[in-house]
Each structure stands twice: as C-alpha cells, then as structure tokens.
Trainee: 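Take this structure first; my questions come after.
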Amino acid sequence: MTLQEAVDDFLAQKRIAVLGVSRTPTEAANLIYRKLREAGYTVYAVNPQATEVEGDPCYADLRALPEVPDGVVIATPPAAALGIVEACAALGIPRVWIHRSFGTGSVSEQAVQRAEALGLTVIPGACPMMFVA
C-alpha cells in the first residue's frame with residue numbers, strides 16, 4: 001500500500017482517536033484533533049492527565065473510549081508509541097498514524113516495525129493536517 005492509499009483509507013473512516021492531546025490548545029495533537037472534528041469526524045481525545053480537552057471529554061486510554069475507533073493518531077513522545085501500537089492491536093484497531101510534522105515527531109522505528117508485524121496499517125510520519133480537507 002502506498003502512503004497515499006494508506007492516508008486515503010485512514011481518512012475514509014469516521015471514528016478516530018487522537019492520543020497526546022493536551023490542555024495546551026497550541027499543541028500539535030490539539031490542532032489535529034480540532035481539524036478532524038471540524039471536518040466531521042467523530043474524534044476522541046486521549047490523555048491520562050486530562051478529563052476534558054477542547055471542551056470535549058478526554059479519556060485516559062484507548063480502553064476507556066465509548067466505542068472502538070477505526071483509527072488512531074499517535075501524537076505523543078516517541079517512547080509511548082510502541083505501547084499504543086500494542087493497545088491498538090489488542091483492541092482490534094486496524095489503523096495507526098504516527099504523527100510527524102518536524103523532527104522525529106512521534107515516530108519510533110520500533111513501533112512502526114511492531115505495527116507492521118501485527119498486521120496494522122501504519123502511516124509512519126507526515127501530519128494529518130496536510131491531508132484533511
């Protein structure tokens with residue numbers, strides 16, 4: 001699958017969780033969260049340190065969500081990405097986008113390799129903001 005095919009498949013889904021949202025509205029994860037919400041997606045904010053983000057409920061982890069999302073955007077420190085990939089596989093979440101807008105972003109090569117080994121569709125870099133209309 002090409003990058004564009006993976007992006008098109010990811011963005012064709014309706015329910016997306018964004019991990020790494022913050023109480024600081026200028027963080028990359030928050031910008032992605034808002035863009036997806038404004039584009040009509042059902043978006044779930046995930047951060048164990050917050051109960052509300054962007055005026056919406058925020059969930060401690062993927063298991064706490066009210067439904068299983070179709071995809072997950074990882075916008076956390078790279079060290080957290082592997083655990084998130086493992087959680088996605090355990091919960092049956094088939095798509096993972098590991099955010100990168102500058103520098104390494106959230107990308108961890110170990111997480112990318114593990115996602116591929118688990119059969120997940122993984123987008124290892126780029127920013128969803130560049131693709132969401």
Side-chain angles (χ1 to χ4, degrees):
M1 182 179 294
T2 68
L3 172 62
Q4 189 61 56
E5 289 169 339
V7 166
D8 290 346
D9 176 63
F10 191 97
L11 295 177
Q13 308 311 308
K14 297 299 176 205
R15 298 179 316 256
I16 299 173
V18 179
L19 285 82
V21 291
S22 167
R23 288 171 282 217
T24 306
T26 56
E27 293 290 328
N30 292 54
L31 299 174
I32 294 166
Y33 179 86
R34 281 197 304 274
K35 180 81 170 184
L36 290 168
R37 184 178 63 188
E38 290 165 5
Y41 292 90
T42 299
V43 189
Y44 297 104
V46 180
N47 181 328
Q49 304 301 316
T51 56
E52 183 179 295
V53 170
E54 302 288 334
D56 296 332
C58 186
Y59 301 89
D61 58 36
L62 291 170
R63 288 172 188 79
L65 295 177
E67 62 184 337
V68 176
D70 302 306
V72 166
V73 175
I74 301 174
T76 64
L82 178 60
I84 295 167
V85 163
E86 296 280 355
C88 288
L91 294 169
I93 302 167
R95 296 166 194 85
V96 178
W97 190 323
I98 307 176
H99 171 260
R100 178 187 298 158
S101 59
F102 54 87
T104 59
S106 301
V107 177
S108 150
E109 283 309 313
Q110 186 180 20
V112 172
Q113 292 171 0
R114 185 67 178 139
E116 290 170 346
L118 291 167
L120 304 179
T121 300
V122 61
I123 301 171
C127 179
M129 299 269 301
M130 298 174 8
F131 298 94
V132 176

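As the structure is a computational prediction, the values presented were derived from the model and not from experiment. Side-chain atoms are counted along with the backbone in the values below, which use heavy atoms only and exclude waters and symmetry mates.
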Trainee: With a 4.5 Å heavy-atom cut-off, do Ser108 and Ile98 have their side chains touching?
Mentor: no
Trainee: Indicate, with yes or no, if Met129 and Leu19 share a hydrophobic cluster defined by side-chain heavy-atom contacts under 4.5 Å among Ile, Leu, Val, Met, Phe, Trp and Tyr.
Mentor: no
Trainee: Quick check: do Arg37 and Asp56 have side-chain heavy atoms less than 4.5 Å from each other?
Mentor: yes
Trainee: Can you check whether Asp61 reaches Pro48 side chain to side chain, under 4.5 Å on heavy atoms?
Mentor: no
Trainee: I'd like to check Val21 versus Glu54 (side-chain heavy atoms, cut-off strictly below 4.5 Å). Are they in contact?
Mentor: no
Trainee: Side chains of Thr121 and Pro94, heavy atoms from C-beta outward: is any pair under 4.5 Å?
Mentor: no
Trainee: Is there a side-chain contact between Val85 and Ile74 (heavy atoms, below 4.5 Å)?
Mentor: yes
Trainee: Taking Arg23 for its side chain and Gln49 for its backbone only, find out whether a donor-acceptor pair lies under 3.5 Å.
Mentor: yes
Trainee: Under the 3.5 angstrom rule, does the side chain of Asp70 hit a backbone N or O of Arg15 as a donor-acceptor pair?
Mentor: yes
Trainee: Taking side chain as C-beta onward, heavy atoms only, is Thr24 less than 4.5 Å from Asn30?
Mentor: no
Trainee: Tell me if a side-chain donor or acceptor on Gln13 pairs with a main-chain N or O of Asp9 at a distance below 3.5 Å.
Mentor: yes
Trainee: In terms of hydrophobic clustering (I, L, V, M, F, W, Y; side-chain heavy atoms under 4.5 Å; direct or indirect links), are Ile93 and Ile84 co-clustered?
Mentor: yes
Trainee: Main chain of Gly125, side chain of Trp97: is a donor-acceptor contact present, judged purely on distance under 3.5 Å?
Mentor: yes
Trainee: Are Phe10 and Ile32 joined in one hydrophobic group, where the rule is that I, L, V, M, F, W and Y side chains link up if heavy atoms are under 4.5 Å apart?
Mentor: yes
Trainee: Does Thr2 offer a backbone N or O that forms a donor-acceptor pair with the side chain of Glu5 under 3.5 Å?
Mentor: yes
Trainee: Testing the basics here: between Ala115 and Val122, what is the closest heavy-atom pair and its distance to 0.1 Å?
Mentor: CB-CB, 3.9 Å
Trainee: Same cluster or not: Val72 versus Leu36, using hydrophobic residues (I, L, V, M, F, W, Y) connected whenever any side-chain heavy atoms lie under 4.5 Å apart?
Mentor: no
Trainee: Do you know the tightest heavy-atom contact between Ala81 and Thr76?
Mentor: N-OG1, 4.2 Å
Trainee: Has Arg34 got a side-chain atom pairing as donor or acceptor with Pro25's backbone, closer than 3.5 angstrom?
Mentor: yes
Trainee: Side-chain heavy atoms under 4.5 angstrom apart, residues restricted to Ile, Leu, Val, Met, Phe, Trp, Tyr: same cluster for Met130 and Val43?
Mentor: yes
Trainee: For atom CD of Gln110, is the number of surrounding heavy atoms from other residues, nucleotides or ligands below 6.0 Å larger than 12?
Mentor: no
Trainee: Leu11 versus Tyr41: any side-chain heavy-atom pair under 4.5 Å?
Mentor: yes
